[in-house]
Amino acid sequence: MRAQPKASHYIGGRYVESPEGHPFPSIYPATGEAIASLNSADEKTVEAAVAAAVEGQKIWAATPPAERGRVLRKAAGILRERNRALSELETLDTGKPLQETLVADAASGADCLEYYGGLAATLTGEHIDLGGSFAFTKREPLGVCVGIGAWNYPIQIACWKAAPALVCGNAMVFKPSEVTPLSALQFAEILTEAGLPDGVFNVVQGFGEVGAQLIAHPQVAKVSLTGSVPTGAKVASLAGEHLKKATLELGGKSPLIVFDDADVDNAVSAAINANFYSTGQICSNGTRVFVHTAIKEQFLDRLAERTVNAVLGDPMDEATSIGPLVSKPQLDKVLSYMEIGKKEGARLVCGGGSADVAALPDGFFVQPTVFADVKDGMRIACEEIFGPVMCVLDFDDEDDVVARANDTVFGLAAGVFTKDIQRAHRVIDQLEAGTCWINTYNLTPIEMPFGGYKKSGIGRENGHAAIEYYSQIKSVYVEMGDVEAAF
Ligand code: NAD
């Protein structure tokens, strides 16, 4: 098979197989062909991964932070050197066009490793003057952390979780999505090559139950999940039952608000990026595009004209800008929402069904789709579709659009387009979303904390903020005088 790894899992610095585990394929979404076959982790394998992590963590926690940082930065360099091969693998596993994976996947993972590698030696505690006596705080690791990934940005998600965890002195057992199991194994190999001690980063494969076994394991301190809201609820309740710390990066149905003074072409660019990049499979996508009625038809005309220029086809061709969806179930889900939109009475501006790519008849392709005249209560405006389906809604009044933008259980992201700087800040201040953009959309540099309000998540990834979620503070009181007692 085209992308068969040496074995399914990576534990204690080497590849490990679990012949008794449930076999599952990795499918290339452009052709439907199996490119690899893996076995899900059985109980013995889960045990071995946690045991390796416990041992690795002791060595790693005793490694000076500056040295931890050097290892992460070296791994970043190797990721960059192998960017093309890693990007091709990611394209095979996810179907995302090479045009994207070359710049957005391993490359953003490398940014993350570099960033936390640079922070390593700066993670200090504080000194608290108590008048003679004093206290100090230390930032200590949590122990063994579990990372559980989604399928849309597999290597980026592995890096976003591993880098802050490792820099704080934790070990990690990472379970990639069963849909995209491959690149995390390469990442684990690269970390070993960069000098990471064995057992500090391990990869086990499997479905949800393997994730649940890892979370419930008594030697695991924390879980960080990227996934859907229903999975987040299950993970939170299991973590709660075992009193484990949890970071949850979940789904969204984010608003992008375009006022009548906005630069229409920039707003159209942002709406395209916010709905069609990665074939619409991005958690923070601005899928509810509120456009002021004064510019609505102009906006829709430009959007339709530009969407025709999308190059849909072979994801390995660097000219392709839209690849297939990740899987057949995702294809069926997205097509069903396109039908729901039509039945609900939204106006179809473009797209609206599957797409034929002559050379790839079995690929999971759909047309980039725009619905206009969408009403707030329609299912296409309320539910996360996770495909290239944009809903355009009208508005006239600022207070009204803010209330409607916030009228959702989600709160991952939001964007505002206006040339009025006061209005931009006034609106952003009122939006219930963890990550917001003014006059752009979906840029997530590693320096900027990322995460959700409301049902879109708990905790933050990236930036200094992530350190809080992978470390704990120990306070130490130091008595400089005598100890008084009642008797
Ligand atoms: P999913 O929820 O189906 O699966 C996510 C991961 O959780 C997979 O690895 C899966 O095996 C695992 N899992 C499933 N059930 C589990 C359980 N009971 N216990 C432990 N682990 C379990 O999500 P998906 O379909 O892979 O990804 C798409 C979703 O992820 C979308 O909702 C999207 O918005 C969200 N997402 C969020 C972010 C973010 O940063 N906020 C980023 C990417 C994707």
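Indexing begins at 1, ligand by ligand and atom by atom, following the structure's order.
- By the 4.5 Å heavy-atom criterion applied to side chains, F207 and F24 are counted as neighbours.
- By the 4.0 Å heavy-atom criterion, A212 is counted among the residues contacting ligand 1.
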**OP:** Using the side chain to side chain contact (heavy atoms under 4.5 Å, CB included) rule, take V71 and L166 through it: C-alpha gap first, then chi angles, then the decisive distance, then the call.
**Re:** CA-CA 10 Å; V71 171; L166 267 43; over 6 Å; no
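- The proximity of Y153 to ligand 1, defined as any non-hydrogen pair under 4.0 Å, does not occur for either the backbone or the side chain.
- Ion pairing between a basic and an acidic side chain is recognised when a charged N comes within 4.0 Å of a carboxylate O; R80 and E114 show such pairing.
- If you check each of E461, E249, Q281 against atom 40 (O) of ligand 1, the one with the closest non-hydrogen atom is E249.
- Atom 36 (N) of ligand 1 has its closest protein heavy atom at C283 CB, 3.5 Å.
- Between E468 and the options R139, K222, R460, K245, a salt bridge (Lys or Arg N to Asp or Glu O under 4.0 Å) holds for only R139.
- Considering backbone and side-chain N/O of E384, one or more are found under 3.5 Å from N/O of ligand 1.
- Listed by atom number, the atoms of ligand 1 under 4.0 Å from N152 heavy atoms are 43 (C), 44 (C).
- Of the protein's non-hydrogen atoms, T226 O, 3.5 Å is the one closest to atom 5 (C) of ligand 1.
- A donor-acceptor contact shorter than 3.5 Å links the side chain of E100 to the backbone of S278.
- Annotation for N202 and A49: closest pair ND2-O, 3.9 Å, computed over non-hydrogen atoms.
- Salt bridge present: R82 and E193 bring a charged side-chain N and a carboxylate O closer than 4.0 Å.
- Of all atoms in ligand 1, numbered sequentially from 1 with element shown, those under 4.0 Å from a heavy atom of L412 are 41 (N).
- When only non-hydrogen protein atoms are considered, atom 1 (P) of ligand 1 lies nearest to T231 OG1, 3.7 Å.
- Atoms of ligand 1 lying under 4.0 Å from any heavy atom of I148, numbered from 1 in the order shown and given with element: 6 (C), 7 (O), 9 (O), 12 (C), 20 (C), 21 (N).
- Residue contact check for ligand 1: W160 places no non-hydrogen atom closer than 4.0 Å to it.
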Original post:
Could you go step by step and tell me if R14 and D198 meet the salt bridge (Lys or Arg N to Asp or Glu O under 4.0 Å) rule?
Top reply: CA-CA 8 Å; R14 56 197 65 83; D198 293 346; 3.5 Å; yes
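- Of the N and O atoms on the side chains of Y10 and T192, at least one donor lies less than 3.5 Å from an acceptor on the other residue.
- For ligand 1 and S177, the ligand atoms under 4.0 Å from any heavy atom of the residue are 9 (O).
- Put simply, the side chain of S254 never gets that close to the backbone of G286: no donor and acceptor are under 3.5 Å apart.
- When non-hydrogen atoms are compared, ligand 1 lies under 4.0 Å from the side chain of V235 (C-beta onward) but not from its backbone.
- When hydrogens are left out, the protein atom nearest atom 41 (N) of ligand 1 is L250 O, 2.8 Å; that is the closest non-hydrogen contact.
- Here the protein heavy atom with the shortest distance to atom 28 (C) of ligand 1 is F386 CE2, 3.7 Å.
- The pair K44-E47 does not meet the salt-bridge criterion, since no charged nitrogen lies less than 4.0 angstrom from a carboxylate oxygen.
- In this structure, the protein non-hydrogen atom closest to atom 18 (N) of ligand 1 is K234 CD, 3.8 Å.
- Those atoms of ligand 1 with a heavy atom of W151 less than 4.0 angstrom away are 24 (P), 25 (O), 26 (O), 27 (O).
- Residue G251 has at least one heavy-atom neighbour below 4.0 Å for each of these atoms of ligand 1: 32 (O), 34 (O).
- Summarising the local packing, NZ of K455 is surrounded by 12 or fewer heavy atoms from other residues, nucleotides or ligands at distances under 6.0 Å.
- Ion pairing between a basic and an acidic side chain is recognised when a charged N comes within 4.0 Å of a carboxylate O; E241 and K244 show no such pairing.
- Remark: ligand 1 atoms within the under-4.0 Å shell around heavy atoms of L225 are 6 (C), 7 (O).
- Checked by distance only, ligand 1 and K175 come closer than 3.5 Å through their nitrogen or oxygen atoms.
- Of the N or O atoms in I157, none lie within a sub-3.5 Å distance of an N or O in ligand 1.
- Distances between N or O atoms of G149 and those of ligand 1 include at least one value under 3.5 Å.
- Closest approach of D111 and I446 over heavy atoms only: O-CG2, 4.0 Å.
- If you check the side chains of E189 and Y15, you find a donor sitting under 3.5 Å from an acceptor.
- At a heavy-atom distance under 4.0 Å, no atom of L238 approaches ligand 1.
- Within ligand 1, counting atoms from 1 as listed, the ones closer than 4.0 Å to a heavy atom of S228 are 1 (P), 2 (O), 23 (O), 29 (C), 30 (O), 32 (O).
- In this structure, atom 27 (O) of ligand 1 lies nearest to the protein heavy atom A150 CB, 3.4 Å.
- Checking N39 against E17 by side-chain atom types alone, a donor-acceptor pair falls below 3.5 Å.
- The part of E178 lying near ligand 1 is the side chain, judged by heavy-atom distances below 4.0 Å.
- In terms of protein heavy-atom proximity, atom 19 (N) of ligand 1 is nearest to G208 O, 3.5 Å.
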